[in-house]
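Counting starts at 1 for both ligands and their atoms, in listed order.
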Amino acid sequence: MLTQANNALLCEVAPGKPMHETIRRYWLPALPSAALAADGDPARVTLLGEDYVLFRDSAGQVGMLNERCCHRGASLCLGRNEEGGLRCIYHGWKFDVRGTIVDMPNATDDSFKRRYRQPAYAVREAANVVWVYLGPQDKTPPFPRFPIFDLPQDQVVAQAYFIDANFVQVMEGLVDSSHVGVLHQDAIHQRMKAAMQDGAQSAVYRQMADDLAPRLEMEDTEFGFHYAAMREMRTDSGHVNVARITAFALPFINFSPNNSTMLAGVPVHDGCTMMFEFNWDWSQPFDAARRERVLEFHGISDAILDRFGISLATYGKQERPRAANRFLQDREAMRRGETFSGLPNFQPEDVAIASSQGPISDRSVESLLPSDQAVVRMRRVLLEAARRVMAGEEPPGLDCATIPRGLQGAVGSDETWQAVLTREDNLRRSFGQFSSELKVPA
Ligand code: FES
Ligand SMILES: [Fe+2]
């Protein structure tokens, strides 16, 4: 439970709010790289309640500028992206990726070009996504050292979509292991069945479906925290403790226990989040068919996102999950017993739930359980970061030596769950959509 004041401090991200000032101190994902072609259309992006334009110039460099032209405020999203810069179509001022004015047709005195500049931001491309830094220039943190950034591009699948909900409740769903066996039970049961047909071990899925009240254990880290959902798994030779470990990295990045999924819920404004989901393979590239299978499994194929009106191409242009349309839930299919949730597996289920909690969930009227401990920890870590920024201190997790990892594994009788994080052969192995094996320590 939170007071109304703390709930506002946690969730409100408009300019001037403490959480706005906090989040802009980190590198943020802004747009899939594929959305920007050299000399192609500029893209409008809203982050933390402010509007920007992104474009890729003739040399392939990405620029991120304020949307409003510094001359008299026309939108640069209307601009022409040509020959090394973005030209405002009102009076023709042209800006390069650093915001420098390279052409100013309505001035005869060249010195005006040097007098003004368009606010521009630091940009990096990694894991097929454009990342930006919106904070003070002299405080630019090092780029995060996530292992996914070292993989070849074709071993990473990145997808982005919108959720009509505040980023905190979106991220709460990702540090909440106890909902997986309920809300996502259709997917879990399908995986169990597929694994059994394969002759493979389906114990990982069975254990999630069977044990809906995992014991949670947590540890604060440099980047945020790790938490382990501990469940007892039945095997042929008895019982074994299994830890599903999730990492939460400030300000809103989640590493799933499958060790092959990272999710980042970027606040667009108080009531809207842009979710970036990265899936990767440690050892081999995705071909088109497997890419599609992975996206399909997570419920984020282009077809599903388009149908739900939450893809980059469709958001705001058609129906999308909201109370008036029952969050696009298929009650007929539920009545026929074909589905538990009435929604496509995984992300569409999470999207509907997060939207159903309202733009900002009222945390002063909750009824929490021990299984919500990681949710509470995430709020505490975020609030602590905001309080530090308000006090004029540096927020935590800007420059981490510790690598955040999501992992799952068996915990030996004389071990703690942290042993799973250090076992070398766990580190570059994926679970979930690629394999259902689970190594039990000798
Ligand atoms: S408003 Fe952009 S050039 Fe005048
Ligand atoms: Fe979920």
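Expressed to the nearest 0.5 Å, how far CZ of Phe248 lies from CE of Met218 amounts to 13.5 Å.
The name of the N, O or S atom in His91 nearest to atom 4 (Fe) of ligand 1 is ND1. Closest to the Fe ion (ligand 2) among the N, O or S atoms of His184 is NE2. The minimum distance between atom 4 (Fe) of ligand 1 and any N, O or S atom of His71 involves atom ND1. Residue Asp350 approaches the Fe ion (ligand 2) most closely through its N/O/S atom OD1.
Paired with Phe162 under the rule ring pair (Phe, Tyr, Trp, His ring centres under 6.0 Å), one option of Phe276, Phe167, Tyr315 passes, and it is Tyr315.
Each of the atoms 1 (S), 2 (Fe), 3 (S) of ligand 1 lies under 4.0 Å from some heavy atom of Cys88. The atoms of ligand 1 that sit less than 4.0 Å from any heavy atom of Trp93 are 3 (S). Which parts of ligand 1 touch Cys69 is read off a 4.0 Å heavy-atom cut-off, strictly below it: atoms 1 (S), 2 (Fe), 3 (S).
Only the side chain of Tyr90 comes within 4.0 Å of ligand 1, judged by heavy-atom distances.
Salt-bridge formation is not detected for the pair Glu222/Arg145: no Lys NZ or Arg NE/NH1/NH2 atom is positioned less than 4.0 Å from an Asp or Glu carboxylate oxygen.
Of all heavy-atom pairs spanning Ser371 and Leu216, the tightest one is O-CD1, 3.4 Å.
Ranked by closest heavy atom to atom 1 (S) of ligand 1, the top entry among Arg72, Arg87, Lys94, Arg68 is Arg72.
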Requested in this report: Start with the C-alpha gap between Asp164 and Arg322, add the side-chain angles, then the distance that decides, and say whether salt bridge (charged side-chain N to carboxylate O under 4.0 Å, His left out) holds.
Outcome: CA-CA 8 Å; Asp164 287 324; Arg322 59 197 176 91; over 6 Å; no

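Between Gln347 and Phe308, the closest side-chain pair of non-hydrogen atoms is not below 4.5 Å.
Among the atoms of Glu349, no N, O or S atom falls under 2.8 Å of the Fe ion (ligand 2).
The aromatic rings of Tyr121 and Tyr52 sit perpendicular to each other, their planes meeting at more than 60°, with 30° as the lower class boundary.
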